[in-house]
Amino acid sequence: MSSQARNNSAAPVANIKHVHHHMPPRHNPLPSPWDYDTANTIEARKYTRTYGLTPPGVDTFEKQLQRCLAQLAARKTPIEKYQYLSVLRNTNVHLFYRLLAGNVKEICPLIYTPTVGEACQRWSELYTQPEGLYLSFEDRGHLHQVIQNWPHDVEITVVTDGSRILGLGDLGINGMGIPVGKLSLYTACAGIHPMKTLPLCLDLGTSNKEFREDPLYLGSRRDKVTAEEEKEFLDEMMAALTERWPSIVIQYEDFKNPFPSLERYQNTYTMFNDDIQGTGAVILGGFINAVKQSGVAPKDQRAVFLGAGSAGVGVAKQLTEFFMKEGLSEEDAKKRFWLVDSQGLVAHDRGKLADHKLYFARDDNDGQQYRSLEEVVEYVKPTILMGLSTIGGAFTPKILQRMAEMNDRPVIFPLSNPSSKSECTFEEAIKYTNGKCLFASGSPFPTLTHDGKDLTPGQGNNVYVFPGIGLGAILSKSVSVTQGMIYASGAALSDSLLPSETAENWLYPDINRIRDVSVVVTKHVIRAAQKDGVDRELQLRGVRDEELEVYVRQRMYDPFTEHEKVEEEVRGLAGLVGRGETNGVAGKGVEVPVGVANGGHVVGKER
Ligand SMILES: NC(=O)c1ccc[n+]([C@@H]2O[C@H](COP(=O)([O-])OP(=O)(O)OC[C@H]3O[C@@H](n4cnc5c(N)ncnc54)[C@H](O)[C@@H]3O)[C@@H](O)[C@H]2O)c1
Ligand SMILES: O=C(O)C[C@H](O)C(=O)O
Ligand SMILES: [Mg+2]
């Protein structure tokens, strides 16, 4: 092999194109990671042909968890813990989800924000194993064939082009960590079967020069494609995904400018954009509760947003809808918002504005341009301060103090991720508002004590809604994801607090209850799909609310009962073996597993 051929960092994709598009898919005859569970019974191991491939002892769930927690504790840094958890997810899926289920609050920050941010920054450096599908710009015209290589049926995909990963900028294909992390949460929170999820990362080039020059970088070294090229690529991708899986739900995530694709596809495909719509809904949920606690009527609210990008505009739009439902006209509702970007207050007379900023652009600034957040705060005297700017520390002590001077209960939501980009910490917000603020942040912060009282910060993160939006769309088989479904997810979230949580003045429910909360969100999303007439699972229309909840729960993957399915199959076979009826068992195309019932070797089971 020539050294040029071995150095495949830059130009291999074009070469591969002619080869892999014409290769028939191969089926791996080996048992899959779904089967390597040390809690599986001996009989189940024989049936799945993993007998002998795991240590002989049969674990209890408790022992497994004890071992995992000890290993997690032994790893010192968050990224080491992230790596351990990735290996676990890829080798013993059900155990990973059992571990997560009982330790959501501790493990979420290790597989999601903030640690997933570092994982993405270092994705090419730390890469060990495939975890999703990569579609490259060079594959255009052949996306359909590449998609055929995915070995499973898919219900939902999260797709990114890595161009705005959290607040960390353009990370190119290193952004794959985000779809992987979000889909783990789809499984953990909404019980979407892990095998039915597709992490999808597009290689449309990257504006990140450092990565393009990094020998270890695993994406193409081209600059980011043009908006027109991106559009054509996405058109092909949407058609190809939906052709292979007609009911697929497609979640867009962490694109630098996601407004055109949302507008283009939202009525044609079952898709939504998490950063615009999911974030809008989750902040709506916490905000409804904050308004109740602040005692300030919607018509008197004044909201300053630092950041006028996908998340900022998405949240402002959702809150506008809430104000309108509370009786304000659209004009009055949108006047409650002052958006600030890197150039200062977004105003019509400031110069040319991006399309997505026009709706909230001010025209009452009398020709004056307010450049800094401090100036805007003095000008507006806000009741609410939202941060979606990617600028860590932008809510300075002085700004926080002013918010507390101007309000009894200032709403302070520093929502940028990961923690290093949060506009302030929980500790700073409490300290400089003297404990007065109603607080939620995008990334988690620890509980702290103020004036002898334990205070727990809210986490205003779209994880509270996207799992339920996705599951609701899947179960209702909706043709599109409507604004009604998005709004319903946020409204349901605000209603999902327990009396004990409300009594503690929490804005969001306990993250440990996320699975129950996701069921509530899912139910309301299904109802909204029905109301909007986009549902195709018509049998669910007549179902009463309590029954709908039971139905949702029954459809959810449960890592604690998954092994029972294999055991049931084994028992079924044992019965049939006893009666001498072992051929073509249960219509599953399973060949006779000789000796399943008597402890011998299993042969010929094609998985
Ligand atoms: N909490 C959540 O659930 C959640 C959801 C989505 C996004 N986010 C976070 O919000 C942040 C923004 O995401 P986005 O998709 O809107 O990104 P974006 O790139 O679309 O928007 C960023 C905005 O911040 C502005 N900005 C940049 N530098 C600034 C500065 N110095 N002063 C004022 N404004 C400045 C930009 O002009 C732009 O308007 C990210 O950190 C992301 O992680 C959080
Ligand atoms: O990924 C997150 O934690 C939330 C959000 O989608 C973001 O882009 O920051
Ligand atoms: Mg995001």
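Both counts, for ligands and for their atoms, begin at 1 and track the order of listing. Values below: every heavy atom of this structure, side chains too, minus hydrogens, waters and symmetry copies.
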Scan side-chain atoms only and decide if T383 and Q301 contain a donor-acceptor pair under the 3.5 Å cut-off. yes
Is it true that Y269 and Y252 have ring centroids separated by less than 6.0 Å? no
One finds that the ligand 1 atoms under 4.0 Å from a non-hydrogen atom of D275 are 6 (C)
Should L415 be counted as touching ligand 1, given the test is an N or O pair under 3.5 Å? yes
Looking only at protein heavy atoms, which one is nearest to atom 17 (O) of ligand 1, and how far off is it? R164 NE, 3.4 Å
To which of G286, P258, G169, A311 does the heavy atom nearest atom 7 (C) of ligand 1 belong? A311
shortest atom 35 (C) of ligand 1-to-protein heavy-atom contact is with S342 N, 3.5 Å
Taking 4.0 angstrom as the limit and counting only heavy atoms of A308, give me the atoms of ligand 1 inside it, by number and element. 23 (C), 38 (C), 39 (O)
For D254, counting its heavy atoms only, list the atoms of ligand 2 lying under 4.0 Å from any of them. 8 (O)
shortest atom 3 (O) of ligand 2-to-protein heavy-atom contact is with N461 ND2, 3.0 Å
Can you list the protein N, O or S atoms less than 2.8 Å from the Mg ion (ligand 3)? E253 OE2, D254 OD1, D275 OD1
Run the numbers on R264 and D235 for salt bridge (Lys or Arg N to Asp or Glu O under 4.0 Å), then give the verdict. CA-CA 9 Å; R264 193 166 170 80; D235 276 358; 2.6 Å; yes
Pick, from G117, G309, S310, the option with the minimum heavy-atom distance to atom 14 (P) of ligand 1. S310
Check this for me: D363, atom CG, are more than 12 non-hydrogen atoms of other residues, nucleotides or ligands nearer than 6.0 Å? yes
Taking distance alone, with N or O pairs closer than 3.5 Å, would you say K256 contacts ligand 1? yes
Relative to atom 6 (O) of ligand 2, which among R164, Q251, K182, K421 owns the nearest non-hydrogen atom? K182
Ligand-side contact atoms (ligand 1) for residue partner G442, heavy atom cut-off under 4.0 Å: 1 (N)
Can you say whether the rings of F337 and F360 are parallel (under 30°), tilted (30 to 60°) or perpendicular (over 60°)? perpendicular
Selected option - heavy-atom contact closest to atom 5 (C) of ligand 1, from V465, N417, T279, D254: T279
Residue part near ligand 2, for N462, under 4.0 Å between non-hydrogen atoms: side chain
Can you check whether V282 has an N/O within less than 3.5 Å of an N/O in ligand 1? no
Would you kindly say whether Y487 and K325 are connected by a side-chain donor-acceptor distance under 3.5 Å? no
Under a 4.0 Å N-O cut-off, is there an ion pair linking R212 with D223? yes
Would E375 and Q369 count as having a side-chain donor-acceptor pair, cut-off 3.5 Å? no
Return yes if a side-chain donor-acceptor contact under 3.5 Å exists between D170 and S163, otherwise no. no
Could you check whether Q266 and Q483, counting side-chain N and O atoms only, form a donor-acceptor pair closer than 3.5 Å? no
Establish, yes or no, whether the cationic atom of R302 lies under 6.0 Å from the six-membered ring centre of W338 and within 45° of the ring axis. no
Among all protein heavy atoms, pick out the one at the shortest distance from atom 1 (N) of ligand 1; state its residue, atom name and that distance to 0.1 Å. G460 O, 2.9 Å
Can an N or O of N462 be found at a distance shorter than 3.5 Å from an N or O of ligand 1? yes
Do NZ/NE/NH1/NH2 and the carboxylate oxygens of K224 and D161 come within less than 4.0 Å? yes
Trace of the side-chain hydrogen bond (donor to acceptor under 3.5 Å, both in side chains) decision for S443 with T113: CA-CA 6 Å; S443 296; T113 185; 2.8 Å; yes
Where ligand 2 meets D275 - atom numbers and elements under 4.0 angstrom, heavy-atom basis: 5 (C), 6 (O), 7 (C), 8 (O)
Here the atoms of ligand 1 under 4.0 Å from any heavy atom belonging to G307 are 23 (C), 24 (O), 25 (C), 39 (O)
Report yes or no: do K182 and N462 form a side-chain donor-acceptor pair below 3.5 Å? yes
Any atoms of ligand 1 less than 4.0 Å from a non-hydrogen atom of L306? List them with their elements. 33 (C)
Could you tell me which atoms of ligand 1, counted from 1 in the order shown, lie closer than 4.0 angstrom to a heavy atom of G167? 40 (C), 41 (O), 43 (O)
Which of the numbered atoms in ligand 2 are under 4.0 angstrom from any heavy atom belonging to Y112? 1 (O), 2 (C), 3 (O), 4 (C)
T113 heavy atoms, cut-off 4.0 Å: which ligand 2 atoms fall inside? 3 (O)
May I ask you to say whether R402 pairs ionically with E405, meaning some side-chain N is under 4.0 Å from a carboxylate O? yes
Do you see a donor-acceptor pair shorter than 3.5 Å between the side chains of Q251 and Y186? yes
Closest approach of any protein heavy atom to atom 26 (N) of ligand 1, naming residue and atom: S389 O, 3.7 Å
Which residue and atom name correspond to the protein heavy atom nearest atom 11 (C) of ligand 1, and how close is it? S416 OG, 3.6 Å
Would you please indicate if the ring centroids of Y508 and Y464 are separated by under 6.0 Å? yes
For atom 29 (C) of ligand 1, the closest protein heavy atom turns out to be I391 CG1, 3.6 Å
Is the backbone N or O of S416 less than 3.5 Å from a side-chain atom of K421, with the two atoms forming a donor-acceptor pair by type? no
Using heavy-atom distances, let me know which of N461, T390, L388, I165 sits nearest atom 10 (O) of ligand 1. L388
